[in-house]
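Everything on this sheet refers to the single structure shown next.
If you're wondering where the values come from, they're calculated on a predicted model, not measured in any experiment.
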Amino acid sequence: MLDTVGPELQVVNKSEKAISLEADATVILTPDEGQEASSNLLPINFDGLSKAVKKGDTIFIGQYLFTGSETTSVWLEVSEVQENDVVCVIKNTATLTGALFTLHASQIRIELPTLSDKDKEVISSWGIKNKIDFLSLSYTRHAEDVRHAREFLSKQGDLYQTQIFAKIENIEGLNHFDEILQEADGIILSRGNLGIDLPPEKVFLFQKAALYKCNVAGKPAVVTRVVDSMTDNLRPTRAEATDVANAVLDGSDAILLGAETLRGLYPVETISTVGKICAEAEKVFNQDLYFKKTVKYVGEPMTHLESIASSAVFIHPNDSIVNNVFIIVRAAIKVKASVIICFTSSGRAARLIAKYRPTMPVLSVVIPRLKTNQLKWSFSGAFEARQSLIVRGLFPMLADPRHPAESTSATNESVLKVALDYGKASGVVKPHDRVVVCQKVGDASVVKIIELED
């Protein structure tokens, strides 16, 4: 995943000397980057701030993001605007260290492009070289931002396959959330900036509403800023541990760590601790209730419900994909299957199954497809398999391209054996387990329930 910088405002401290700011004193923000940063003057990299803010507006400055810590971040209130300069009253005593500090103007529209020229340059060089699977689009404010980024990616070689995760981090993105969700491949809830654009008591409400919308749309949702205190401490606070668990219970697909692993003292311990909390929360996640709620929203399919009892269910191509997925998940729950194996070429069918959060893992067997641009032949599939990793409960594997995702018969034993061996090696499949298998047979889909021997 490549994370763009976007329209981020920064204070430039070329000398890198520590800057002490005292509460109730005054400091001037100036677009003149040639000036030296001091306790009285802070040069910034944007000349439009004086036009965007007015008296009484709030500005936050911190080394990475405003964390709420009064020693590393500062809260300013605009007292007046003098031509291109903004005069502010300092609200708390703090010391800023480093060469760059992030500046966030709360609930202020900043007239800068979401995908900057610098971002485009990095995507065209580093992004292409590393075949990025995801683009994290910082400060997404409108669906048009996602469309513009997708158009740019479509011209960057293999990156036409790169998925775009819209990073929601201000009130403007929040107000256009529904249209952004429709356009993006996934959502990142950037609670660091959101926490200072929104009143603190509103953040939890947005998180729950946003995660619910992502779940219903079947698009991955990522939550950030969960254990900030582990940047300097070996253990999270009780509130943070509860916060991680609630992110899982609310329906998030992934948790993204930031300062804890970027500059924290305990990066490995942080990952281990957060992983353990997630695992505990998953044990008590009410998947049955979730399944019923999701089906109720989508509209419960009324066909084929009784045919699940048979060992194989053929699904006519005219039936909706919702019906197909419903049958697969219901069958797996009914027979207490240990895993659902889905053969796919795009990964879409497996993601739709995972959307319903079945109680068992979904093994997505991605079958590569041969393609050519008339100059060379290549296989697709690697992108699709890797992109499935961010979907909760979905475990991808890349199959041998000689085994088609669409078969002429209901038995493609060799590729199924490979998938089962992978499941056994991963510890999700054991002798005598039942497994639900979903694959294309001609124009129809087939769902098989098999019971393993020793």
Side-chain angles (χ1 to χ4, degrees), residues 215 218 220 248 251 253-254 275 278-279 281-288 290-291 294-295 307-315 321 324-367 381 384-400 403 405-407 410-441 445-454:
N215 291 164
V248 175
D253 287 79
C278 288
E282 283 183 2
K283 287 179 190 175
V284 296
F285 180 73
N286 192 334
Q287 282 151 315
D288 186 47
Y290 180 94
F291 179 68
T294 311
V295 167
S307 59
I308 287 166
S310 63
S311 60
V313 180
F314 279 88
I315 300 167
I321 190 72
N324 299 2
V325 169
F326 180 84
I327 289 167
I328 295 160
V329 177
R330 177 61 68 84
I333 292 171
K334 192 168 183 177
V335 303
K336 295 183 170 62
S338 60
V339 68
I340 296 172
I341 297 176
C342 180
F343 295 96
T344 176
S345 53
S346 67
R348 181 170 174 263
R351 286 196 298 273
L352 277 170
I353 294 169
K355 168 185 173 178
Y356 287 89
R357 300 275 198 265
T359 50
M360 66 292 297
V362 180
L363 183 56
S364 171
V365 184
V366 180
I367 315 285
E384 291 86 345
R386 288 197 305 270
Q387 285 166 340
S388 299
L389 286 165
I390 206 163
V391 180
R392 179 162 162 181
L394 192 54
F395 299 86
M397 63 171 283
L398 197 58
D400 187 318
H403 299 298
E406 297 184 18
S407 178
T411 55
N412 194 341
E413 298 301 334
S414 55
V415 69
L416 178 58
K417 184 179 184 304
V418 171
L420 288 171
D421 287 345
Y422 177 74
K424 289 172 188 171
S426 306
V428 295
V429 178
K430 301 183 294 298
H432 306 294
D433 277 356
R434 286 174 182 164
V435 174
V436 170
V437 182
C438 165
Q439 68 185 116
K440 293 273 280 183
V441 178
S445 300
V446 64
V447 180
K448 293 193 297 181
I449 299 168
I450 59 175
E451 189 163 328
L452 303 181
E453 298 174 352
D454 290 338

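- The minimum heavy-atom distance linking F395 with P361 is given by the pair CE1-CB, 3.5 Å.
- Side-chain contact between K355 and V391: absent, with no pair of heavy atoms (C-beta onward) separated by less than 4.5 Å.
- Across all non-hydrogen atoms, the minimal contact from V248 to E282 is CG1-CG, 3.8 Å.
- The distance from atom OG1 of T359 to atom CG of N286, rounded to the nearest 0.5 Å, is 11.0 Å.
- Between the side chain of D433 and the main chain of S338, no donor-acceptor pair closer than 3.5 Å is present.
- Heavy-atom minimum distance, D253 versus P220: OD1-CA, 3.4 Å.
- The heavy-atom pair separating V365 from I341 by the smallest distance is CG2-CG2, 3.8 Å.
- Between M360 and I340, the closest side-chain pair of non-hydrogen atoms falls below 4.5 Å.
- Applying the side-chain contact (heavy atoms from CB on, under 4.5 Å) criterion to L398, with sequence neighbours excluded, gives V366, P368, A382, A385.
- Separating the CZ atom in R351 from the CD atom in E384 is a distance of 8.0 Å, to the nearest 0.5 Å.
- With S426 contributing its side chain and V428 its backbone, the two residues share no donor-acceptor pair below 3.5 Å.
- Looking only at side-chain heavy atoms (C-beta outward), I449 and V435 stay at 4.5 Å or farther from each other.
- Across V415 and F343, no two heavy atoms sit closer than the pair CG1-CE2, 3.5 Å.
- Atom CG of L394 is separated from atom CZ of R357 by 10.5 Å, given to the nearest 0.5 angstrom.
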- What do the steps show when you test V447 against V436 for side-chain contact (heavy atoms from CB on, under 4.5 Å), and what is the final call? CA-CA 7 Å; V447 180; V436 170; 3.6 Å; yes
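- Here the shortest heavy-atom pairing between L363 and A419 reads CD2-O, 3.5 Å.
- For the atom pair K334 NZ and R434 CZ, the distance stands at 11.5 Å (nearest 0.5 Å).
- If you take CZ on R392 and SG on C278, they are separated by 8.5 Å, rounding to the nearest 0.5 Å.
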- Query: Stepwise, does the side-chain contact (heavy atoms from CB on, under 4.5 Å) test hold for H432 with L452?
  - Reply: CA-CA 5 Å; H432 306 294; L452 303 181; over 6 Å; no
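- From S364, atom OG reaches atom CD of Q387 across 11.5 Å, with rounding to the nearest 0.5 Å.
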